[in-house]
Amino acid sequence: MTAPDSDRPDSTPPDRSTPPDRSTPPDRSTPPGPSVPSGSSVPSGSSASPGPSAHGATTPASAVRLDGPWTHRDVAANGARFHIAEMGDGPLVLLLHGFPQFWWTWRHQLPALAEAGYRAVAMDLRGVGGSDRTPRGYDPANLALDITGVVRSLGEPDAALVGHDLGGYLAWTAAVMRPKLVRRLAVTSMPHPRRWRSAMLSDFAQSRAGSYIWGFQRPWLPERQLVADDAALVGRLIRDWSGPKLADDEAVEVYRRAMTIPSTAHCSIEPYRWMVRSMARPDGVQFNRRMKRPVRVPTLQLHGSLDPAMRTRSTAGSAEYVEAPYRWRLFDGLGHFPHEEDPVSFSSELIHWLKDPEPDR
């Protein structure tokens, strides 16, 4: 099914050109796409161990297609190719990562969901991990169409969307734009887009907590800072935003390595630039107006009580945008990454809610 033209932002049409070869030096103006052909399937055991290539640069396959009980492949959707890791059979649960991470952030939930009887799929968002790095298309409306396009490409009638951070922002958006393709919605560490906008503009404490987003509005400097010293800033952000249960050195190294793939830093920042710069533009005003439509699917909102990047007060007000069963779960003592800081508790809460035939308000 092709998305109606009225749902595509005029200013950011999806790029349908052939991506440049990854063997060329990084060109930030036309970022390259993945080297694996669309639709190919790569067994988890066949991926190379992560590390630099012979030329000293990180290769996408080695940094992204990490070994595990899952399988890797690419799917085509919304004019681009998207890398996914999947395992299990049953109703589709689509996992959406946040910044500064990629699909691997859901490594604990993939096997837990598969064991619980679900088809668990973690995708790399446009411009990140093993997915295409297109020159345009990083506004939330188009990124949401990426997500629902992947649902259709997987041959499923709908999906339960589980989003963290930016992935949560896009999951909210997809539930509004394509409600028939979203069976349930679970969001962690991110309020509803209208609530996010209000908090960033009117709450000084939240604006200060999200100061990194304001810093992203500068040209080129944020990209250089993200990749400097083998993406050392990525490690600092993950540790600064975590609660007492810090990520181990090996996990941090995985995220740092993935950020050094050419053009990833630029593509990771572009959605945040749109979110801020479009506030007074017609496309941003139109998006904010569109998000007034209520979410009409059962919704679970998860949050860490010690999250320093997104305050609990900012997130909790999202219930007003949901006209369906809504459940709030606060994880005491966890930070911005509850699904990694306490994966057992997070997965248990998520699976219990997914299996509940009548999730309460």
Side-chain angles (χ1 to χ4, degrees), residues 93-110 112-113 116 118 120-125 128 140 143-144 147 159-175 182-193 195-196 199 206 209-210 213 237-238 240-245 247 251 255 271 295 297-319 321-322 324-354 356 359:
V93 179
L94 185 59
L95 304 157
L96 311 170
H97 66 83
F99 173 86
Q101 301 172 310
F102 64 111
W103 76 265
W104 194 71
T105 190
W106 301 110
R107 62 195 179 279
H108 303 294
Q109 284 69 45
L110 283 169
L113 287 164
Y118 294 95
V121 176
M123 68 176 283
D124 282 328
L125 299 178
V128 178
L143 293 174
I147 293 165
L161 299 184
V162 182
H164 168 254
D165 188 77
L166 176 63
Y169 190 102
L170 301 178
W172 283 113
T173 305
V182 180
R183 184 175 69 254
R184 291 198 181 197
L185 174 66
V187 178
T188 182
S189 310
M190 177 57 68
H192 185 277
R195 179 66 181 166
W196 178 89
Q206 180 55 60
I213 295 176
L237 289 175
I238 290 174
D240 288 348
W241 293 348
S242 297
K245 300 179 181 180
Y255 292 124
V295 172
V297 297
T299 301
L300 171 67
Q301 193 150 15
L302 306 153
H303 200 76
S305 65
L306 301 181
D307 188 341
M310 186 56 62
R311 302 176 70 234
T312 302
R313 175 180 172 183
S314 302
T315 305
S318 301
Y321 300 103
V322 180
Y326 173 88
R327 185 179 298 177
W328 165 265
R329 174 70 163 91
L330 186 67
F331 291 102
D332 189 34
L334 300 184
H336 191 63
F337 309 98
H339 58 298
E340 290 196 79
E341 296 172 46
D342 190 351
V344 174
S345 295
F346 183 95
S347 299
S348 176
E349 184 73 26
L350 174 63
I351 292 169
H352 175 74
W353 175 77
L354 287 170
D356 188 347

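Residues take their numbers from the sequence shown, with the count starting at 1. Worth knowing before you read on, the calculation uses all heavy atoms, side chains too, and leaves out hydrogens, waters and symmetry mates.
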- Determine whether Leu354 and Leu113 make a side-chain contact, defined as any pair of heavy atoms from C-beta on separated by less than 4.5 Å. yes
- Message: Closer than 3.5 angstrom, by distance alone: can the side chain of Glu341 be matched with the main-chain N or O of Gly243 as a donor-acceptor pair?
- Response: yes
- Query: Salt bridge check: are Arg107 and Glu340 linked by an N-O gap of less than 4.0 Å?
  - Reply: yes
- Query: Rounded to the nearest 0.5 Å, how far does CZ of Phe331 lie from CG of Asp307?
  - Reply: 12.5 Å
- Could you walk me through whether Tyr255 and Leu237 pass side chain to side chain contact (heavy atoms under 4.5 Å, CB included), step by step? CA-CA 11 Å; Tyr255 292 124; Leu237 289 175; over 6 Å; no
- Task: Report the relative orientation of the aromatic rings in Phe346 and Trp106; use parallel for angles under 30°, tilted for 30 to 60°, perpendicular for over 60°.
- Result: tilted
- Query: Does a side chain donor of either Thr105 or His339 reach within less than 3.5 Å of an acceptor in the other side chain?
  - Reply: yes
- To the nearest 0.5 Å, how far apart are CD in Glu349 and CD1 in Ile351? 11.0 Å
- Let me see the working for Val344 and Asp342 under side chain to side chain contact (heavy atoms under 4.5 Å, CB included), right down to the final yes or no. CA-CA 6 Å; Val344 174; Asp342 190 351; 4.2 Å; yes
- Rounded to the nearest 0.5 Å, the CG atom of Leu170 sits from the NE2 atom of His164 at a distance of 12.5 Å
- Closest heavy-atom pair, Ile238 versus Ala247, reported as atoms and distance to 0.1 Å, is CG2-CB, 4.1 Å
- Message: For a 4.5 angstrom cut-off between non-hydrogen side-chain atoms, does Val297 reach Arg184?
- Response: no
- Message: Using 0.5 Å steps for rounding, measure from the CG atom of Asp165 to the NE2 atom of His97.
- Response: 10.0 Å
- Parallel under 30°, tilted from 30 to 60°, perpendicular over 60°: which one fits the rings of His336 and Trp241? perpendicular
- side chain to side chain contact (heavy atoms under 4.5 Å, CB included) between Leu96 and Met123: does it pass, once the steps are laid out? CA-CA 6 Å; Leu96 311 170; Met123 68 176 283; 3.7 Å; yes
- Check whether any side-chain heavy atom of Val322 sits under 4.5 Å from a side-chain heavy atom of Trp172, and report yes or no. yes
- Message: Ignoring hydrogens, what is the shortest heavy-atom contact between Leu110 and Ala122? Give both atom names and the distance.
- Response: CD2-N, 4.0 Å
- Do the side chains of Pro271 and Leu166 get nearer than 4.5 Å, heavy atoms only? yes
- Task: Let me know which of Val187, Thr188, Leu330 forms a side-chain contact (heavy atoms from CB on, under 4.5 Å) with His303.
- Result: Leu330
- Message: Rounded at 0.5 Å granularity, tell me how far CD in Gln301 sits from CH2 in Trp328.
- Response: 5.5 Å
- For the atom pair CG (Leu143) and OG1 (Thr173), what is the distance rounded to the nearest 0.5 Å? 9.0 Å
- Between Pro191 and Ser314, which heavy-atom pair has the shortest distance, and what is it? CB-O, 3.6 Å
- Message: Minimum heavy-atom separation for Pro298 and Trp353, please, with both atom names.
- Response: O-CZ2, 3.4 Å
- Of all heavy-atom pairs between Asp124 and Val128, which one has the smallest distance, and what is that distance? CB-O, 3.3 Å
- Query: Closest heavy-atom contact between Ala319 and Tyr326?
  - Reply: CB-CE2, 3.6 Å
